[in-house]
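Only one structure is covered here, and it is reproduced in the block below.
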Amino acid sequence: MVESTGVHLPLSADSIRRWFFVATCGSVAGSVLLAVAMTPVVMWLGDFRWADVRGSDWPVAVPPAVAVGWLVWEAVKEIRWQRRALSAKARELAASACSEDGTELRMHAEQFNLTLLNASTFFNTRILPRRAARGFARRVRDEAETGEIDAATLRVIDGLASADSTY
């Protein structure tokens with residue numbers, strides 16, 4: 001580990017956690033909006049009328065409500081899976097940063113960078129801002145190539161490695 005150079009990092013562990021939280025909220029809202037937008041189409045295909053749904057046949061509305069719940073659950077589950085994968089790669093990278101093997105450090109840095117850059121939601125949108133994620137990934141790659149991870153970078157990676165227990 002190298003002493004921090006005082007360079008501003010484009011991402012921090014807290015900002016990455018916030019981006020994942022915002023992505024979760026956006027996916028929940030997007031799932032509900034998608035369901036609301038698709039309701040008239042489903043009703044037209046199933047030959048339902050608004051009076052049927054509002055009247056005594058209200059159990060007709062239960063299957064669409066279950067479908068909306070499933071869609072929300074899948075959207076949240078996808079983001080949680082992405083966050084856990086990033087935490088696992090951060091743990092591997094933090095462990096390899098303490099080892100003497102430079103090849104292992106480069107390999108884990110590459111896997112961490114791929115996971116960081118490919119984090120996406122259920123709707124295939126990026127979770128992290130492209131420019132900031134690319135800048136942080138480039139910094140991790142460059143430091144791994146030299147065989148020494150900067151202290152500030154390692155703090156962010158350690159924060160991500162412990163993210164499973166805090167979110």
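Everything numeric here is computed off the predicted structure, so don't read it as measured data.
Scanning both residues, S27 and F122, for their nearest heavy atoms gives OG-N, 4.5 Å. The shortest heavy-atom contact between S99 and E104 is OG-OE1, 4.0 Å. Heavy atoms only, all atoms of each residue included: L128 and A133 are closest at CB-CB, 4.1 Å. Pairing each heavy atom of D150 with each of R139, the nearest pair is OD2-NH2, 2.9 Å. What you find for R91 and A161 is that their closest heavy atoms are NH1-O, 2.9 Å. Shortest non-hydrogen contact noted between A90 and L160 is CB-CB, 3.8 Å.
With rounding to the nearest 0.5 angstrom, the CG atom of N113 is 11.5 Å from the NZ atom of K89. The structure places CZ of R80 at 8.5 Å from OG1 of T24, a figure rounded to the nearest 0.5 Å. Separating the CD atom in E92 from the CG atom in L105 is a distance of 12.5 Å, to the nearest 0.5 Å. Here the straight-line distance linking atom CD of Q111 with atom CE of M107 works out to 5.0 Å at 0.5 Å rounding. In this structure, OG1 on T115 lies 15.5 Å from CZ on R84, to the nearest 0.5 angstrom. Atom CZ in R106 sits 11.0 Å away from atom OG in S96 (nearest 0.5 Å).
Salt bridge annotation for E145-R141: absent, with no cationic side-chain nitrogen under 4.0 angstrom from a carboxylate oxygen. By the 4.0 Å N-to-carboxylate-O rule, R17 lies close enough to D14 to be salt-bridged with it.
The hydrophobic clustering, which links ILVMFWY residues whose side-chain heavy atoms are closer than 4.5 Å, places L71 and L45 together. Taken together through direct or relayed side-chain contacts under 4.5 Å among Ile, Leu, Val, Met, Phe, Trp and Tyr, L86 and L154 form part of one hydrophobic cluster. At a threshold of 4.5 Å between side-chain heavy atoms, the hydrophobic network of Ile, Leu, Val, Met, Phe, Trp and Tyr places L11 and F20 in one connected group. A single hydrophobic cluster is seen to contain both I149 and F136, as judged by linkage of ILVMFWY side chains at heavy-atom distances under 4.5 Å, directly or through other members.
Sorted by first and then second residue, the pairs that involve residues 65-75 and meet salt bridge (charged side-chain N to carboxylate O under 4.0 Å, His left out), not counting sequence neighbours, are E74-K77.
A 4.5 Å side-chain heavy-atom check between C25 and F21 finds at least one atom pair inside the cut-off. In this structure, the side chains of L93 and V140 come closer than 4.5 Å at one or more pairs of heavy atoms. For the pair W73/S31, no side-chain contact is recorded, criterion being any heavy-atom separation below 4.5 Å from C-beta on.
Legend: residues meeting side chain to side chain contact (heavy atoms under 4.5 Å, CB included) with M38, ordered by chain and number and at least two apart, are L34, V41.
Here the side chain of T125 pairs no donor or acceptor atom with the backbone of T121 at under 3.5 angstrom.
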